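Some notes on the structure that comes next.
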Amino acid sequence: MAGLTNAEIAAALEEIADILDFQGANPFRVRAYRNAARTVGEMTESVADLVESGERDLSSLPGIGKDLAEKIATLAQTGTLPLLEELRSQVPEGVLQILRIPGLGPKRAAALYRELGVTNLDELRQACLEHRVRTLKGFGEKTEAAILEGLELAAQAAQRMYWAVADQIAQSIRQHMEGCKGIRQMEFAGSYRRGKETVGDLDLLVVADNPASVMDHFGRFSGVEKILARGDTKMSVRLQLGLQVDLRAVPEESFGAALQYFTGSKDHNIVLRGRAKDLGLKVNEYGVFRGEKRIAGRTEEEVYAALGLAWIPPELREAREEFAWAEAGTLPKLVEISDIQGDLHVHSDWTDGTASIEEMALAAKARGLSYIAITDHSKRVSMVGGLDADRLRKQWEEIDRLNRRLKGIRILKGVEVDILEEGGLDLPDDVLAEADWVVASVHYGQNQSREKITRRVLEALENPHVACFAHPTGRLIGKRKPYQIDLEAVIHKAAALGKMLELNAHPQRLDLDDVACASAKKHGVLVVIATDAHSVDGLDAMRYGVLQARRGGLTKADVANARPWSELAKLLRRKK
DNA sequence: GCCGTTTTCGGCCCGACTGTTTTCAGTCG
């Protein structure tokens, strides 16, 4: 029997690290807890099971010694830990939130608490607005303004969650509901179905013999914190994770119309209803009507067909070009995860990845890929031990050895070369020339002016060995704004030089976004959907990138890594 | 708190930026 999940154990260890950090504990002790959290969080076997069976000594894991092994075992078995309880009692609730604001680390958070009595984000905002923060030693006007901006972003992020997180929740709700008798149809709608980067709430539609018993069952889902409302056809709950979920029971003959209506987007539906009106029809969540007579509603296909349109994939429903395409029968056949043949941005334990090159390659093979580019950081990214020319060449020798040994997966000799602050690349051309695949990216000087950062990126693209520009805006959704970069100029340059742009599949990045993808496609720029994986599990992010690409209207032909490597290699040789 | 050891103590990734200072602490990646 399993106790706490690995994720829950990791969260507890992270919380200990946060509190110790806040209290100014030995930073290496803090790091030990964070390392352990990461180790546990990334393990595929259940730690609770390992403890139970006694089959493996936890202290044999990297970064986990005798002490942490015992603490983890206690956590796994009892669900809690005396140390954690004690630490929690020592700090006011909410104060750790302060550490999530960019620019505020343990020292400043402690100062805000000690000097101003700030114990949560609301009080922090108040203190900034009253200009009390700037009076503290080490703080000033600019810091105060930066904190306010950070609070704004945090507030936005708190209201919505990453699609990937919403997806996990949706899957477990679906699984729970599948145990309920009498549900004839069931589908999630809303921005989740459209694959938006973030999701504000979940809408679940069902056709059921007995809606009341379905609602009873829904209310028993383990994640439900509170039932907010319940009527005959609609029930709303709030989950412990803060997400609201609405369940709607709809009549079978209206399921398609309801699904269409609640999937949105709002703008898409406005256009749709306008179109219906032009045809002398009316559309609502119950169906398409001519006068009083329902002429469609059972399926979405039926609804769109009644309006003279092909069925539009949810990802495209943003009131952009989808109606024109649906009318003309030119809707793109959107790229699918099964089209993906390789991953062209992956890290290994030569820099900040957690797995060896071989482990990453085998994991990629297990995921059905036929090639993978190892693109570790260059030396400028010193914090992670970025590679210089010598180490990079050593890595490539290792890759040669692996390629001779491994079957069914080709490992490409790649690098993620840093675009330096003052322009230029972090590795000499003769080294880059030896690589199979070079992605260039920005890590430093992210706050430069639009002109400056754009110029250095355009210059990097001009280097004949650079094939692709990675995470092109640098944004972290809800956390960090994009660079001030002129993306259109980058797309034009890429088109002119035959360079590719990355759609980074990490659920917090997902740049290029849908609009930029569409622009790249329009200009004939190939998009590389890549995971930027730093672990074996990181390779699973590919599907988030594919979803974003679909929202941008990309087809298999628009995605570079939906092609075999031999074809890409030919393209690259031609451009050099 | 972990780890390795010239084995029980000392090092643990470190350079750059920002905003604050007036020589540097804090934060970030």
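No experiment lies behind these values; they were computed from the predicted model shown. Each chain gets a letter, A, B and so on, in the order the sequences are listed, and its residues count up from 1.
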Atom [atom1], compared across [N] and [M]: separation rounded to whole Å:
N      : M      : atom1 : value
B:dT22 : B:dT5  : C1'   : 44 Å
B:dT7  : B:dC2  : C1'   : 15 Å
B:dT21 : B:dG26 : P     : 13 Å
B:dC17 : B:dT23 : C1'   : 16 Å
B:dG10 : B:dG15 : C1'   : 23 Å
B:dA25 : B:dT20 : C1'   : 9 Å
B:dG11 : B:dT6  : C1'   : 15 Å
B:dT27 : B:dC13 : C1'   : 15 Å

For atom [atom1] of [X] and atom [atom2] of [N], their distance in whole Å:
X        : N      : atom1 : atom2 : answer
A:Ile147 : B:dT27 : CD1   : P     : 10 Å
A:Lys142 : B:dG19 : NZ    : P     : 5 Å
A:Gln448 : B:dC17 : CD    : C1'   : 12 Å
A:Leu420 : B:dC17 : CG    : P     : 11 Å
A:Glu421 : B:dG29 : CD    : C1'   : 12 Å
A:Asn26  : B:dG10 : CG    : P     : 14 Å
A:Arg134 : B:dT20 : CZ    : C1'   : 14 Å
A:His506 : B:dG29 : NE2   : C1'   : 14 Å

Can you tell me if the side-chain N/O atoms of [X] get under 4.0 Å from OP1 or OP2 in [N]?
X        : N      : value
A:Lys379 : B:dG15 : no
A:Tyr33  : B:dG1  : yes
A:Thr143 : B:dT20 : yes

Sugar-phosphate only, base, or nothing, as touched by [X] at under 4.0 Å among non-hydrogen atoms:
X        : answer
A:Pro27  : nothing
A:Gly385 : nothing
A:Tyr444 : nothing
A:Asn35  : nothing

[Y]/[X] salt bridge by N-O under 4.0 Å criterion:
X        : Y        : value
A:Glu422 : A:Arg456 : no
A:Lys71  : A:Asp67  : yes
A:Asp388 : A:Arg380 : no

Give the nucleotide from the list [options] with an atom nearest to the side chain of [X].
X        : options                : answer
A:Asp67  : B:dT20, B:dG1, B:dA16  : B:dG1
A:Phe28  : B:dC17, B:dC12, B:dG19 : B:dC12
A:Arg108 : B:dG19, B:dG1, B:dG26  : B:dG26
A:Arg31  : B:dG15, B:dC13, B:dC2  : B:dC13
A:His443 : B:dG29, B:dC2, B:dT20  : B:dG29
A:Ser382 : B:dG1, B:dT27, B:dG15  : B:dG15

**Report entry** Cation-pi, A:Phe139 ring and A:Arg108 (6.0 angstrom, 45 degrees)
**Finding:**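 A:Arg108 over A:Phe139 ring: yes.
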
Query - Option among A:Thr198, A:Asp513, A:Asp511 that satisfies the side-chain contact (heavy atoms from CB on, under 4.5 Å) test with A:Ile477 - result: A:Thr198

Query - Test side-chain contact (heavy atoms from CB on, under 4.5 Å) applied to A:Tyr544 and A:Ile529, A:Ile337, A:Leu510, the passing residue - result: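 So, applying the side-chain contact (heavy atoms from CB on, under 4.5 Å) to A:Tyr544 and each of A:Ile529, A:Ile337, A:Leu510, only A:Leu510 qualifies.
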
Query raised in the report: Does any nucleotide pair with B:dG1 by Watson-Crick or G-U wobble geometry, both distances under 3.5 Å, and what is it?
Result: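 Its partner is B:dC12.
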
Requested in this report: Report yes if a donor N or O on one partner sits less than 3.5 Å from an acceptor N or O on the other, where the partners are the side chain of A:Asp352 and the base of B:dG29; otherwise report no.
Outcome: no

Query raised in the report: Where each residue is assigned the nucleotide of DNA chain B containing its nearest heavy atom, which of A:Glu141 and A:Leu68 is assigned the position nearer the 5′ end?
Result: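 Its nearest nucleotide being more 5', the pick is A:Leu68.
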
Query - Contact nearer the 5' end of DNA chain B, comparing A:Gly103 with A:Gly445 - result: A:Gly445

**Report entry** Donor on one side chain, acceptor on other, A:Ser378 and A:Glu416, under 3.5 Å
**Finding:**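 The criterion, which ignores hydrogens and geometry beyond distance, is not satisfied for A:Glu416 and A:Ser378.
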
